[in-house]
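Only heavy atoms go into these numbers, but all of them, side chains included; no hydrogens, no water, no symmetry mates. On a predicted model such as this, the values are computed, not experimentally measured, just so you know.
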Amino acid sequence: MDSTAPLQLVFDVRTNPGDVYTITVPESIANGTGVYTIGDSDPISASTGIVTSTTDDANHTKTFTYRFDSVASVAVNINFTLHNNYNAQPTPIEGIGTSIKSITWTYAGQQLDPVDFTQVIMPVMNPQAVTRVLPSSSTYKAIYANQDYAYQFSVGETDGIDGSADYATGQVNSAVNYGTTIRVPVPRYFTLDESATAARNGFSDETTITQPGGASSDIVITVPKGSGRQYWQNAEPYYFVGQFKTTPPLAGEKLVANGPAVVTQTIVDPQGQERTLTARAPAWTEYLRSGDGLVPCPSGSSECLVLSINGNNKGEKTANNLLLDPARKVPR
């Protein structure tokens, strides 16, 4: 089912007095809105008959009953509200993947041939390489050793409701998460400040970010079932706060992690079977400045002077009080 297109069920029939039809439509998912919500039927005229509807919460269906009192040609629509990746969903959805939905109907109590359609709910992940955000790597090309900096990592995950890449979340999407582990290899020397990282992220669920092996080892993001965020919750990416603990190099040094970040996620399909989704992001790269005492910068370059809006807010450890040491900078 393509949830970007209008969806209507058309009931077109030639009636006789006393005719009774029922049409039973399955809900998209058992525990929430899913791809669509079943709306109402168009009315029929009082002289022709009456239409009523009932919802069966146990079987997750809605049934429309049409009773006719006259000879007539009737064409009515049963209307649906379609959803996209923005809408709130359960945490998590029951039945991710491909499922067959059957619309059943009867005439005079006799079952007629069902009408089937296919529904697909499949999340899309597009994780991005770790980037420095404080100070931004776009204006501050290289950093000093032994000072704290802030980085971000975005998973870029949709809940798969409409099949597009729209409304992807920076964090794991809680609508499809039955348990996710993210391993982020770090460039050599990087040491995560776990308490500052926790404060910077401010998780309200069970997500944790750790570096079990210490300096230079992988960062591990653990996101238990149902944790994460959905797009409507304005989910930011994951943040890392830490520093490269090493003797400053004699010359500038490029540091590259020894592999890509890997996202491994468990989902559960409509048959109740666990499936695994895996996605990768490019390796984390950073540049260390030399420690030779005087480091010239290009004339007029923004690297000669950098302002941190955090001032002396050392408590959160999201930035340094002083990003550059004036005694170590000589403008050309």
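- Atom OH of residue Tyr21 and atom OH of residue Tyr107 lie 5.0 Å apart, to the nearest 0.5 angstrom.
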Original post:
Could you go step by step and tell me if Gln119 and Ser28 meet the side-chain hydrogen bond (donor to acceptor under 3.5 Å, both in side chains) rule?
Top reply: CA-CA 8 Å; Gln119 172 180 281; Ser28 174; 2.7 Å; yes
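- Atom-to-atom distance recorded for Ile209:CD1 and Phe153:CZ is 10.0 Å, nearest 0.5 angstrom.
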Counting only pairs under 3.5 Å, give me each side-chain donor-acceptor contact of residues 46-55, with atom names and distances, residues two or more places apart or in other chains.
unit_1, atom_1, unit_2, atom_2, d
Ser47, OG, Ser45, OG, 3.4
Thr48, OG1, Ser45, OG, 2.6

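- Taking the six-membered ring for Trp, Trp284 and Phe190 have ring centres closer than 6.0 Å.
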Original post:
Can you list the steps and then say if Thr37 with Thr81 is a side-chain hydrogen bond (donor to acceptor under 3.5 Å, both in side chains)?
Top reply: CA-CA 5 Å; Thr37 300; Thr81 299; 5.7 Å; no
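- Considering CZ of Phe240 and CG of Leu192, their distance stands at 7.5 Å, rounded to 0.5 Å.
- Asp166 and Asn85 get closest at one heavy-atom pair: O-ND2, 3.0 Å.
- Counting heavy atoms from C-beta outward, Val176 and Met122 have side chains that stay 4.5 Å or more apart.
- Checked by atom type, the side-chain pair Ser174/Thr91 shows no donor-acceptor distance below 3.5 Å.
- Summarising the local packing, CD of Gln233 is surrounded by more than 12 heavy atoms from other residues, nucleotides or ligands at distances under 6.0 Å.
- Of the N and O atoms on the side chains of Thr191 and Asp193, not one donor lies less than 3.5 Å from an acceptor on the other residue.
- Heavy atoms of other residues, nucleotides or ligands lying less than 6.0 angstrom from CD of Gln111 number more than 12.
- Classification of Arg132 and Glu286 as a salt-bridged pair holds, one side-chain N sitting under 4.0 Å from a carboxylate O.
- When hydrophobic clusters are built by joining Ile, Leu, Val, Met, Phe, Trp and Tyr residues whose side-chain heavy atoms come closer than 4.5 Å, directly or via intermediates, Ile100 is not grouped with Ile103.
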Original post:
Given Ser137 and Thr131, is the side-chain hydrogen bond (donor to acceptor under 3.5 Å, both in side chains) satisfied, shown in steps?
Top reply: CA-CA 7 Å; Ser137 58; Thr131 58; 5.8 Å; no
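- Judged purely by distance below 3.5 Å, without hydrogens or angles, the side chains of Thr104 and Ser102 never pair a donor atom with an acceptor atom.
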**OP:** Please lay out, stage by stage, how Phe64 and Ile38 fare under the test side-chain contact (heavy atoms from CB on, under 4.5 Å).
**Re:** CA-CA 11 Å; Phe64 300 87; Ile38 307 166; 4.0 Å; yes
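- Side-chain atoms of Thr180 do not come within 3.5 Å of backbone N or O of Asn177 as any donor-acceptor pair.
- For the atom pair CZ (Phe203) and OG1 (Thr197), the distance works out to 9.0 Å, reported to the nearest 0.5 Å.
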Original post:
Would Thr118 and Thr98 satisfy side-chain contact (heavy atoms from CB on, under 4.5 Å), going step by step from the backbone distance to the final call?
Top reply: CA-CA 7 Å; Thr118 301; Thr98 301; 3.5 Å; yes
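- Between the side chain of Asn59 and the main chain of Thr61, no donor-acceptor pair closer than 3.5 Å is present.
- Residues Val71 and Pro17 meet the side-chain proximity criterion, which asks for heavy atoms closer than 4.5 Å.
- Around the CG atom of Asp116, the shell of radius 6.0 Å holds more than 12 heavy atoms that belong to other residues, nucleotides or ligands.
- In this structure the side chain of Tyr189 reaches within 4.5 angstrom of the side chain of Leu255, judged on heavy atoms.
- Enclosure of atom CD in Gln271 by more than 12 non-hydrogen atoms of other residues, nucleotides or ligands within 6.0 angstrom is indicated.
- Side-chain atoms of Thr22 and Thr106 include a donor-acceptor pair closer than 3.5 Å.
- Here the closest non-hydrogen pair linking Gln230 and Thr169 is C-CG2, 3.5 Å.
- Using a 4.5 Å heavy-atom cutoff, the side chains of Ile29 and Ile93 are in contact.
- Residue Asp42 holds its CG atom at 5.0 Å from CG of Asn79, rounded to the nearest 0.5 Å.
- Minimum heavy-atom separation, Ala283 to Ala257: CB-O, 3.8 Å.
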**OP:** Kindly indicate, with the supporting measurements, whether the criterion side-chain hydrogen bond (donor to acceptor under 3.5 Å, both in side chains) is fulfilled by Ser138 and Ser136.
**Re:** CA-CA 5 Å; Ser138 63; Ser136 169; 2.7 Å; yes
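- Proximity of a side-chain donor or acceptor of Asp269 to a complementary backbone N or O of Gly272 within less than 3.5 Å is detected.
- Across every non-hydrogen atom of Gln89 and Ala175, the tightest pair is CB-CB, 3.8 Å.
- Taking 4.5 Å as the limit, every side-chain heavy atom of Asp218 sits out of range of all side-chain heavy atoms of Val184.
- Thr181 places a side-chain heavy atom less than 4.5 Å from the side chain of Val220.
- Leu7 is connected to Ile121 through a chain of hydrophobic side-chain contacts under 4.5 Å among Ile, Leu, Val, Met, Phe, Trp and Tyr, so both are in one cluster.
- Side-chain contact between Pro248 and Asn146: present, with at least one pair of heavy atoms (C-beta onward) separated by less than 4.5 Å.
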Original post:
Lys254 and Thr285: side-chain contact (heavy atoms from CB on, under 4.5 Å), yes or no, with the steps?
Top reply: CA-CA 7 Å; Lys254 179 180 180 180; Thr285 300; 3.7 Å; yes
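- When ring centroids are compared, Tyr231 and Tyr167 come within the 6.0 Å threshold.
- Shown here for Pro92 and Asn31, the closest heavy-atom pair between the two residues is O-ND2, 3.1 Å.
- Lys101 NZ: more than 12 foreign heavy atoms inside a 6.0 Å radius.
- The shortest side-chain heavy-atom distance between Tyr144 and Phe244 does not fall under the 4.5 Å cut-off.
- A salt bridge between Asp40 and Lys62 is present, with a side-chain N of the basic residue lying under 4.0 Å from a carboxylate O of the acidic one.
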**OP:** May I have the step-by-step check of side-chain contact (heavy atoms from CB on, under 4.5 Å) for Arg200 and Glu236, ending in yes or no?
**Re:** CA-CA 11 Å; Arg200 178 65 180 82; Glu236 296 185 11; 4.2 Å; yes
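- Here the two rings, on Phe11 and Tyr66, have centers that are under 6.0 Å apart.
- Atoms CD and CD, from Gln211 and Glu194 in turn, are 7.0 Å apart once rounded to the nearest 0.5 Å.
- Side-chain heavy atoms closer than 4.5 Å link hydrophobic residues (I, L, V, M, F, W, Y) into clusters, and following such links, even through other members, never connects Val172 to Val262.
- No donor-acceptor distance shorter than 3.5 angstrom exists from the side chain of Asn201 to the backbone of Ala198, with no hydrogens or angles considered.
- With no hydrogens or angles considered, a side-chain donor-acceptor pair links Asp162 and Ser164 at under 3.5 Å.
- A distance-only check finds no donor-acceptor pair linking the side chain of Thr15 to the backbone of Phe68 [under 3.5 Å].
- Minimum heavy-atom separation, Tyr149 to Pro135: CD2-CD, 3.3 Å.
- Put simply, Tyr178 and Val263 are part of the same group of oily side chains (I, L, V, M, F, W, Y) that touch within less than 4.5 Å, one to the next.
- Leu112 and Val74 fall within a single hydrophobic cluster, where Ile, Leu, Val, Met, Phe, Trp and Tyr side chains are chained together by heavy-atom contacts under 4.5 Å.
- Side-chain polar atoms of Glu157 and Gln171 form no donor-acceptor pair below 3.5 angstrom.
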